[in-house]
Amino acid sequence: MIIVSKEEESHFIAGEAVPVGSGAVSVQRILAGNASMMTGPGTNSYLLGNQELALVDPGPNDPAHVDALLRHIGSRELKWIFVTHTHGDHSPAAAQISAQTGARLIGLQAPEGSGQDPSFKPSGMLEDGESIACGSFNVSAHFTPGHVSNHVCFLLEEEQMLFTGDHILEGTTPVILPPYGHMGQYLASLEKVRDLNVRSLAPGHGSIMDSPQTVIDTLVRHRLRRESKIKNALKAFGSPERAVTLDALTKLVYDDVPQRLHVWASKTLLAHLIKLQDEGWACLAHENWYCLDE
């Protein structure tokens with residue numbers, strides 16, 4: 001049973017602590033006030049536990065959000081901070097909150113030269129599948145590269161709730177950002193998550209999702225349909241003699257997406273093309289793409 005209904009969860013108010021999950025472990029969602037086209041209602045931070053606490057994705061280093069997190073922590077002990085990835089809306093508050101609370105930082109450091117948050121410095125090495133004992137509950141780490149190369153989903157084992165960061169979002173698909181994001185890895189990571197014992201998905205943006213298999217199947221179908229559309233476009237317009245630019249291909253493949261979003265769609269399209277290139281299906285020559293299949 002989900003404590004908060006879908007209707008109630010649609011009302012996002014920055015700084016408020018909203019209980020989510022079945023109640024096997026206390027989980028409170030605290031929304032950052034960074035709503036935008038890319039973040040939706042804002043970044044979700046999650047506070048886990050009753051006395052010894054863990055925090056998932058502390059979010060941007062925004063004074064109001066940091067104050068809200070510290071207020072909800074109160075006199076209790078924050079011992080662990082889990083970071084799904086190091087984009088600027090997920091990790092920058094970690095260093096400050098850790099400095100004030102002594103909490104251990106858990107996640108993967110930003111790739112060098114990526115332009116991601118350089119302030120996030122994990123307290124130690126993290127292994128794929130590693131389970132961290134957090135007092136009265138356990139959190140396991142599952143590496144899910146794709147959106148970016150250092151993405152990790154964290155499973156609250158007693159609750160069977162997976163904190164998905166930007167790997168799986170409610171109501172939308174994440175942008176895949178080459179060169180540090182990779183479409184092939186993203187699809188493989190979705191299959192990996194499908195095999196976990198998960199009852200609900202807690203995304204970095206949007207509402208809790210309580211049908212994980214359906215959500216994942218829908219995401220995979222969406223990506224494969226888009227890939228099929230890319231292949232058809234390349235077959236029709238992307239022979240070596242008529243190779244197409246990324247911009248031209250974006251207009252063909254994302255004709256169902258508003259043009260104002262094409263700048264982001266082109267990044268995910270590039271991730272698809274790199275995957276097809278890796279598979280020996282597409283080729284890049286002089287900034288133009290064409291099909292090798294025929």
Side-chain angles (χ1 to χ4, degrees), residues 36-40 85-89 108 110-117 143-151 164-169 171-194 204-205 215-294:
S36 72
M37 181 181 72
M38 297 305 297
T39 61
H85 64 297
T86 48
H87 277 159
D89 56 328
L108 298 177
E112 187 174 351
S114 65
Q116 297 176 38
D117 173 25
F143 291 6
T144 50
H147 174 62
V148 286
S149 60
N150 65 330
H151 199 288
T164 63
D166 282 353
H167 184 57
I168 301 174
L169 300 172
T172 189
T173 54
V175 175
I176 309 300
L177 300 164
Y180 301 100
H182 191 282
M183 185 61 69
Q185 292 178 352
Y186 178 71
L187 290 169
S189 293
L190 285 176
E191 297 295 338
K192 178 180 180 178
V193 168
R194 192 207 301 269
H205 310 279
V215 171
I216 293 168
D217 288 345
T218 300
L219 269 176
V220 172
R221 283 197 302 271
H222 172 80
R223 292 300 191 191
L224 294 181
R225 281 197 301 267
R226 189 69 71 184
E227 182 174 289
S228 178
K229 196 170 181 180
I230 294 166
K231 286 183 172 182
N232 288 336
L234 283 179
K235 285 180 180 179
F237 301 102
S239 64
E241 297 78 18
R242 301 178 62 196
V244 294
T245 65
L246 184 66
D247 286 346
L249 199 56
T250 300
K251 293 175 182 177
L252 293 170
V253 173
Y254 288 89
D255 55 350
D256 57 336
V257 172
Q259 191 167 352
R260 60 188 173 83
L261 299 179
H262 279 192
V263 63
W264 293 104
S266 67
K267 298 178 187 300
T268 296
L269 172 58
L270 178 59
H272 274 290
L273 289 166
I274 291 171
K275 173 180 177 290
L276 293 174
Q277 185 180 41
D278 291 344
E279 295 170 353
W281 200 97
C283 186
L284 174 66
H286 307 294
E287 300 186 0
N288 294 328
W289 290 90
Y290 63 93
C291 172
L292 290 173
D293 187 57
E294 296 299 314

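Using cut-offs of 30° and 60° on the angle between ring planes, the pair H151 and H167 is tilted.
No donor-acceptor contact under 3.5 angstrom links the side chains of T39 and H205, judged on distance only.
Across all their heavy atoms, D117 and A110 have their closest contact at O-CB, 3.7 Å. Between L292 and G280, the shortest heavy-atom contact is CB-O, 3.8 Å. Looking at every heavy atom in both residues, K229 comes nearest to L252 through CE-O, 3.8 Å. The shortest heavy-atom contact between I216 and V193 is CD1-CG1, 3.7 Å. Of all non-hydrogen atoms in G204 and L169, the two that sit nearest each other are N-CD2, 4.4 Å. Scanning both residues, T268 and P174, for their nearest heavy atoms gives OG1-O, 4.3 Å.
Partner of K275 under the side chain to side chain donor-acceptor pair (under 3.5 Å) criterion, chosen from Q277, H272, E279: E279.
For the atom pair OG of S189 and NE2 of H182, the computed distance is 11.0 Å after rounding to the nearest 0.5 Å. Distance check, rounded to the nearest 0.5 Å: CH2 of W264 to CE of M38 gives 4.5 Å. Of the inter-residue distances, the one linking L249 atom CG with L269 atom CG reads 5.0 Å to the nearest 0.5 angstrom. Residue T250 holds its OG1 atom at 10.5 Å from CD of Q259, rounded to the nearest 0.5 Å. If you take CG on L261 and OG on S266, they are separated by 11.0 Å, rounding to the nearest 0.5 Å. The distance from the CG atom of D166 to the CD1 atom of I168 is 11.0 Å, given to the nearest 0.5 Å.
In this structure the side chain of Y254 reaches within 4.5 angstrom of the side chain of R226, judged on heavy atoms. Using a 4.5 Å cut-off on side-chain heavy atoms (C-beta onward), H147 and T164 make no contact. Put simply, the side chain of L177 does not reach to within 4.5 Å of the side chain of Q116, judged on heavy atoms. At a threshold of 4.5 Å between non-hydrogen side-chain atoms, the residues L273 and L246 count as touching. Taking the side chain as every heavy atom from C-beta outward, V244 and L234 approach each other to under 4.5 Å.
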| message | Under the criterion side-chain contact (heavy atoms from CB on, under 4.5 Å), I'd like the reasoning laid out for R223 against I176: C-alpha separation, chi angles, the key distance, then a yes or no. | response | CA-CA 11 Å; R223 292 300 191 191; I176 309 300; 3.9 Å; yes
| Step-by-step side-chain contact (heavy atoms from CB on, under 4.5 Å) determination, I230 to W281 | CA-CA 11 Å; I230 294 166; W281 200 97; over 6 Å; no
| request: Determine, stepwise, if the pair Y290 / C283 fulfils side-chain contact (heavy atoms from CB on, under 4.5 Å). | output: CA-CA 5 Å; Y290 63 93; C283 186; 3.3 Å; yes
| said: Working note: T144 + H85, criterion side-chain contact (heavy atoms from CB on, under 4.5 Å); need CA distance, chi angles, decisive distance, verdict. | reply: CA-CA 10 Å; T144 50; H85 64 297; over 6 Å; no
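Within a 6.0 Å radius of CD in E191, other residues, nucleotides and ligands contribute more than 12 heavy atoms.
The main-chain N or O of L276 is never found under 3.5 Å from a side-chain atom of K231 such that the two would form a donor-acceptor pair.
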